[in-house]
Amino acid sequence: MSADDAILIAFGANLPTEEYGAPAQTLKAALHRLSRDGDISIDLVSSFYETAPVPISDQPWYVNGVARISTQLSAHDLLQRLHDVEAEFGRVRRERNAARVIDLDLIAYGRDLLREEDGIQVPHPRMAERAFVLLPLRDVAPDWVHPVLGRSVGDLVAALPDDQQIRKQDCC
C-alpha cells in the first residue's frame, strides 16, 4: 500500500485520566481499544511528541502522535468509532482548543476528499499547518502527499512557522 492510500489518525491529550494516568498512557490505551474489536488494525505508530498548545495558552503541553491504520470501515463509521472511544475515555466536547483527556482525529482516509457541512472533513482542514500532526505523520508515512495541496509531508514540515514548539519524547 502506498503512503497516499494510508488511513491516518492523529491523537493527542494534555490532561491525565484517573484510570490510565499520564496522557501518553491514556493514548496507548486508546490505540489498544481501537484495535480490540478486530475491525481496525494499528499498522504503525509514530514517536510521541510533546507540543505546546495551539493556539498558545496556559494549558499543559500536549502529547501527540499519528497512527497509520487499516480498516474496512467507511470514513464515516471510522470517525464515529473515534468519537465513541473519545467518549469512553472521558472526553467531553465543550469548546474548541480546550484542554482534553483525549483527542482522536481522522486526518486522512487514503486519497478520499470529504467535505460535509458541520460534518466530516478529510483530509483534516488544519493539518497542513500544524507541527503536532505533520512531524508524527512523517514518522509513519514519509512519502505521503496531501491530496488537496499536492505537497509532500516533507514540504509541509519545511513550510511550518517557527513559532510551534514541539519535541520528540524520549520514551513511549
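- Atom CG of D105 is separated from atom CD of E86 by 7.0 Å, given to the nearest 0.5 angstrom.
- The backbone N or O of A131 sits less than 3.5 Å from a side-chain atom of Q164, completing a donor-acceptor pair.
- Residues passing the salt bridge (charged side-chain N to carboxylate O under 4.0 Å, His left out) test with D162: none are found, sequence neighbours excluded.
- Partners of H76 under the side-chain hydrogen bond (donor to acceptor under 3.5 Å, both in side chains) rule, at least two apart in sequence or in another chain, are E116.
- Taking the side-chain hydrogen bond (donor to acceptor under 3.5 Å, both in side chains) definition, one finds that R81 meets it with D39, sequence neighbours left out.
- Partners of E19 by salt bridge (charged side-chain N to carboxylate O under 4.0 Å, His left out), not counting sequence neighbours: none found.
- Nearest heavy atom pair, residue L27 against residue V63, reads CD1-O, 3.5 Å.
- Checked against side-chain hydrogen bond (donor to acceptor under 3.5 Å, both in side chains), S47 has no partners two or more places apart in sequence or in another chain.
- The CG atom of L82 lies 6.5 Å from the CG atom of L106; values are rounded to the nearest 0.5 Å.
- Here the straight-line distance linking atom CD1 of I9 with atom CG of L104 works out to 7.0 Å at 0.5 Å rounding.
- Listed by chain and residue number, nothing satisfies the side chain to side chain contact (heavy atoms under 4.5 Å, CB included) test with P16 (two or more places apart in sequence, or in another chain).
- For the pair R68 and W144, the cation-pi test (distance below 6.0 Å, angle within 45°) is failed.
- Atoms CG and CG, from L79 and D84 in turn, are 9.5 Å apart once rounded to the nearest 0.5 Å.
- Contacts of R151 classified as salt bridge (charged side-chain N to carboxylate O under 4.0 Å, His left out), with partners at least two apart in sequence or in another chain: none.
- Residues satisfying the side chain to side chain contact (heavy atoms under 4.5 Å, CB included) test with L15, not counting sequence neighbours, are P60, A99, V101.
- Every residue two or more places apart in sequence or in another chain was checked for a salt bridge (charged side-chain N to carboxylate O under 4.0 Å, His left out) with D155, and none qualifies.
- For the side-chain hydrogen bond (donor to acceptor under 3.5 Å, both in side chains) test, no residue two or more places apart in sequence or in another chain qualifies with T71.
- Here CG of D103 is found 7.5 Å from OH of Y62. Values are rounded to the nearest 0.5 Å.
- Distance OG1/T26 to CG/L31: 11.0 Å, rounded to 0.5 Å.
- Every pair passing ring pair (Phe, Tyr, Trp, His ring centres under 6.0 Å) that includes a residue from residues 18-42 is listed here, sequence neighbours excluded: Y20-F89.
- Applying the side chain to side chain contact (heavy atoms under 4.5 Å, CB included) test to P125 and every residue at least two apart in sequence or in another chain returns Q121.
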